[in-house]
Every structure is written in structure tokens, then in C-alpha cells.
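Have a look at the structure below, then the notes.
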Amino acid sequence: MASFPTQGQPYTVLPGDTLTKLAARAYGDEMQWSRIHRANLQTIASPDKLQVGAVLMIPLEEAKLEAKAAGAVNRFATRAKGTATLVLAGREFPVTTLRALCSAETMCDSWVVDLPRIPGADPDFERLIRPKSFSPSELYLGPELIASGKIYSREPYKGKDGSRVTLEFFTATADLMDSTMPPPYEYANSTLEQLAASIIKPLGYGVRFECETGGPFDKVTIERTEKIGAFFARLATQRGVLVTKDNLGNVVFTRPASGAAVADLEEGTPFPEEWKAKFDDRQFYSSYRVVGQSGDGKDISSVVTDASVPASRQITYAQGEVTAGNASDSAKWRRASALRDALAMPFPVADWYNPKGNLWRANSIVNAKSDTLFIPKPFAFWVRSVEYVLDGGGRRATLSIIPPLDLDNLKEPWA
């Protein structure tokens with residue numbers, strides 16, 4: 001525990017401490033007190049009075065986050081392809097058992113590693129993995145940084161074959177997914193960019209917009225129990241964009257990838273002998289309706305249909321405050337989401353790397369062909385997530401693929 005307020009480290013409040021004093025020491029600018037406040041909303045009852053003994057997290061500034069990651073990347077530039085390395089609070093641990101899930105559709109990635117452990121033999125390691133340590137972590141596959149975040153859970157094990165510990169990490173944006181929205185609970189005439197700047201950035205996270213997200217929302221009302229991640233996912237859905245994260249832990253608003261495929265996939269050797277998928281037609285509807293109200297109280301609704309569903313199956317979503325254009329985009333997104341959820345397919349591949357020698361990545365396009373999956377001809381799919389696995393069987397990966405999320409031109413592999 002830091003005895004001086006240090007960026008990226010927990011700090012115990014001492015008598016006489018105030019948020020402005022802590023900000024001046026940690027950032028050299030007392031006006032950044034709100035950064036500390038927003039990062040510790042569950043701990044700080046009143047920003048005017050800190051409780052002595054309370055433990056606060058002093059968040060990193062964006063520039064330091066980027067510099068830290070850049071330095072680590074340079075250090076791993078000579079790391080051999082095909083290896084996995086866990087960096088835990090600056091210490092490196094080679095990994096022989098790994099499962100990492102990187103998704104383009106969520107604000108949070110996760111990775112699980114198994115490490116040998118002799119309790120008490122390495123006090124520094126014990127300190128890093130103890131409960132509530134929240135130790136910072138990076139995961140590298142070869143020289144490439146895949147994700148950075150914190151340790152959130154550990155499972156110690158002792159048996160006849162010795163002792164070990166299974167550690168589970170999440171990108172630090174897990175805190176945004178777990179934490180409820182701070183006040184105020186209503187915004188008027190704010191764009192998605194403005195909302196992200198006023199809610200996410202003060203918590204110490206970088207935010208990047210890679211696409212246009214439309215104009216301001218007339219009015220946005222927030223439930224006091226609504227999670228931050230769910231709130232921004234809800235607004236992103238209205239604009240037909242993805243809210244995700246990058247390998248530095250920045251929040252990213254982007255569009256689903258389109259264009260040329262990074263690889264061609266075809267069922268066959270060396271596929272596993274047993275694997276399966278499930279397609280559920282009950283997730284499809286013949287019409288998708290979005291209803292809501294504009295900022296002036298006018299009722300607005302929009303409907304998109306799916307002619308390929310012969311039955312009369314309707315579903316309605318309450319959207320909250322919308323405009324006519326937003327309601328239309330949201331209805332299209334709901335239909336695309338139904339297609340996404342019903343047709344998500346696991347496509348196992350033999351290695352972490354595609355035929356071009358690059359890591360498989362989420363938010364990319366692949367051409368896939370599989371008689372088992374009812375895809376007799378190559379079809380362009382969007383990669384929603386990649387799961388990297390390393391164990392006694394070697395390296396392998398599973399791509400979760402779905403039809404591309406083109407809201408105005410949805411295509412199905414068997415249409």
C-alpha cells in the first residue's frame with residue numbers, strides 16, 4: 001500500500017487528507033480531485049470529508065497508461081511467437097496453461113492462467129495474488145500485448161500432485177461494468193462523446209471514438225441501479241455502434257468490421273473430432289418494434305421486419321428517450337442482434353495464428369465453409385470473439401463467428 005498518493009496504486013487516507021491535496025500530490029494539479037472521487041464512488045460518502053483509514057485507488061492518467069503499455073511492448077519485442085507471458089505488477093511469469101477470451105462486443109476481456117505455487121515460499125508473489133490485491137496485469141502472446149487489467153479472483157489448490165493457483169484477470173473496464181451510474185441521473189442535449197467525457201474519463205479511463213455516433217440525445221434518463229457498462233451499451237445500441245475496449249484498457253466506440261477477409265476457413269483437418277453448434281429459430285421474429293418518447297414527450301415507434309420468418313412473431317422493445325432516426329437504427333440493431341445471437345457459431349482453428357502468421361483477432365472478417373454448420377459455400381463472417389487456449393494439447397483457438405452486422409443489408413449463410 002503506497003504511503004504517498006501514487007497513480008495506479010491504492011492509498012490509505014490519513015488525518016488531514018482531502019481530495020484536492022491528494023490530487024495535487026498524485027497529479028500535480030488539485031483540480032483533478034474529481035478523477036479520484038469518480039474512481040472511488042463506493043468508498044467516498046462525501047467529497048468534502050474523507051474517512052481516515054479508507055482505502056482509495058489513485059487512477060492512472062491516460063498518458064501514463066499509454067506510456068506504460070508502450071514500454072512493456074518494447075521489452076517484449078524479441079519474445080518468440082507462440083509463447084504466452086503473464087506480467088503481474090512488473091514480474092514476468094511464463095504461462096503453460098492459459099484460456100483468454102477477447103471479444104469485440106463487450107467492454108471487458110478476461111484471461112485465466114494456472115501457476116505453480118508453494119505457499120509462503122515467495123512472499124512477494126503471495127502479496128501480489130492475495131485477496132483484494134487488485135494487482136495490475138498484462139498478457140502477451142509472443143511479443144504482442146493482448147490485454148491489460150487486474151487480478152480479480154484466485155483459486156488455490158492443494159492435492160496429491162502438489163499446489164498451484166488459478167488466477168483470473170479482467171481488463172480494468174470490468175469496474176465500469178460492475179459499478180452503478182454516478183449522479184446526475186438525467187442529461188439533456190448531450191452527445192455520446194460528451195457523456196463519455198463526463199462519466200468515463202473522470203474515472204481514469206481513456207475513451208476513443210472510431211466512428212460517427214450521431215447528434216445529441218434530447219434527454220437521457222438513468223436508473224440509479226443501472227451499471228455504467230450497461231448504460232453505454234444501451235446508448236450505443238441506439239446509434240448502431242459497438243462499445244468495446246482496446247488492449248490498453250481504453251473504452252472504444254466503433255463499428256463492426258467489414259471489407260476483405262483476413263483468412264479462409266474450411267472444415268476439416270486439423271479440426272477436433274467432436275464439436276457442435278446450436279441454431280435456435282425461436283430467437284427470430286417477423287417484426288421488431290422499438291417504442292419510446294422524444295425529449296418533448298412525443299411518442300415515437302419504428303418497426304423493421306424479417307420476411308424470412310413465416311410465422312406471426314412480434315417483439316417490442318422500450319427504448320426510453322429517442323428520436324425517429326434513432327428508433328429506426330435501434331430496431332435494425334435489434335433484428336441484427338437476433339441474427340447474431342441465433343447464428344453464433346464456434347469455429348475451432350488449429351493455432352492462435354491465421355495462415356498469414358498474424359494472431360486471430362476479434363472484429364475482423366473471415367470466409368468460412370462447413371457442411372456441418374449448413375454452410376456449403378464460403379460465406380463472409382464477422383469474428384465477434386477469439387478464445388486462445390494453451391495446455392498440454394498445445395496451442396489452439398476458437399473463433400465465435402456470426403453474419404456481419406450490416407444493419408441495412410443483413411445476409412444469412414443459407415439464404
Side-chain angles (χ1 to χ4, degrees), residues 103-107 173 176-177 181-182 184-203 205-223 226-246 250-259 287-306 315-341 362-363 382 384 402-410:
S103 172
E105 291 188 299
T106 66
M107 201 183 285
T173 43
L176 295 176
M177 299 184 68
M181 287 287 292
Y185 298 111
E186 187 172 289
Y187 291 84
N189 298 315
S190 295
T191 64
L192 196 53
E193 289 86 345
Q194 290 170 332
L195 290 168
S198 62
I199 297 171
I200 296 178
K201 282 189 175 182
L203 297 177
Y205 300 92
V207 180
R208 190 170 74 251
F209 284 83
E210 298 180 342
C211 62
E212 296 293 332
T213 62
F217 296 91
D218 292 341
K219 185 174 70 173
V220 176
T221 302
I222 305 165
E223 295 291 336
E226 188 169 17
K227 301 293 181 66
I228 297 174
F231 169 74
F232 280 99
R234 170 165 67 89
L235 296 189
T237 295
Q238 295 186 39
R239 298 298 168 86
V241 302
L242 296 173
V243 56
T244 182
K245 80 277 110 197
D246 62 18
N250 299 309
V251 178
V252 181
F253 293 82
T254 189
R255 298 277 182 185
S258 59
S287 70
Y288 300 81
R289 179 187 299 273
V290 168
V291 297
Q293 288 186 331
S294 63
D296 58 7
K298 180 182 178 181
D299 290 333
I300 293 176
S301 68
S302 184
V303 179
V304 297
T305 60
D306 185 349
I315 189 167
T316 300
Y317 301 91
Q319 193 63 75
E321 298 81 10
V322 296
T323 64
N326 293 342
S328 176
D329 286 343
S330 183
K332 292 176 183 178
W333 185 266
R334 295 291 184 176
R335 183 196 162 191
S337 296
L339 187 69
R340 171 198 66 188
D341 295 337
N363 200 19
W382 183 65
R384 71 191 304 196
I402 60 175
L405 296 180
D406 184 339
L407 301 187
D408 296 309
N409 187 28
L410 291 179

Side chain to side chain, [X] and [Y], heavy atoms closer than 4.5 Å:
| X | Y | result |
| --- | --- | --- |
| Leu235 | Phe217 | yes |
| Ile228 | Leu203 | yes |
| Ile315 | Ser287 | no |
| Ile199 | Tyr187 | yes |
| Thr254 | Asn363 | yes |
| Phe232 | Leu192 | yes |
| Glu186 | Ile222 | no |
| Thr173 | Leu176 | yes |

Which heavy atom in [X] sits nearest to a heavy atom in [Y], and how many Å separate them?
| X | Y | answer |
| --- | --- | --- |
| Ala331 | Ser302 | CB-O, 4.0 Å |
| Arg384 | Ala362 | O-CB, 3.8 Å |
| Val207 | Ala196 | CG1-CB, 3.9 Å |
| Ser198 | Pro202 | O-CG, 3.4 Å |

*Count the heavy atoms belonging to other residues, nucleotides or ligands that lie under 6.0 Å from CD of Glu223, then report whether that count exceeds 12.*
no
Please assess Lys245 against Val251 for the test side chain to side chain contact (heavy atoms under 4.5 Å, CB included), listing each intermediate value before the final yes or no. CA-CA 4 Å; Lys245 80 277 110 197; Val251 178; 5.7 Å; no
Just do the side chain to side chain contact (heavy atoms under 4.5 Å, CB included) check on Asp299 and Val291 with the steps written out, would you?
CA-CA 7 Å; Asp299 290 333; Val291 297; over 6 Å; no
Quiz item: side chain to side chain contact (heavy atoms under 4.5 Å, CB included) between Glu210 and Arg208: does it pass, once the steps are laid out?
Solution: CA-CA 6 Å; Glu210 298 180 342; Arg208 190 170 74 251; 3.0 Å; yes
side-chain hydrogen bond (donor to acceptor under 3.5 Å, both in side chains) filter on Arg289, not counting sequence neighbours, yields none
Atom [atom1] of [X] and atom [atom2] of [Y]: how far apart are they, to the nearest 0.5 Å?
| X | Y | atom1 | atom2 | answer |
| --- | --- | --- | --- | --- |
| Leu195 | Lys201 | CG | NZ | 13.0 Å |
| Arg334 | Tyr288 | CZ | OH | 11.5 Å |
| Gln194 | Thr213 | CD | OG1 | 9.5 Å |

Sequence neighbours excluded, the answer for salt bridge (Lys or Arg N to Asp or Glu O under 4.0 Å) partners of Glu226 is Arg234
Glu212 meets the salt bridge (Lys or Arg N to Asp or Glu O under 4.0 Å) criterion, sequence neighbours left out, with none
Requested in this report: Go through the side-chain N and O atoms of Glu105 and Thr244 and say whether any donor and acceptor fall under 3.5 Å apart.
Outcome: no
Plane angle bin for Phe253 and Phe209 - parallel if under 30°, tilted between 30 and 60°, otherwise perpendicular:
parallel
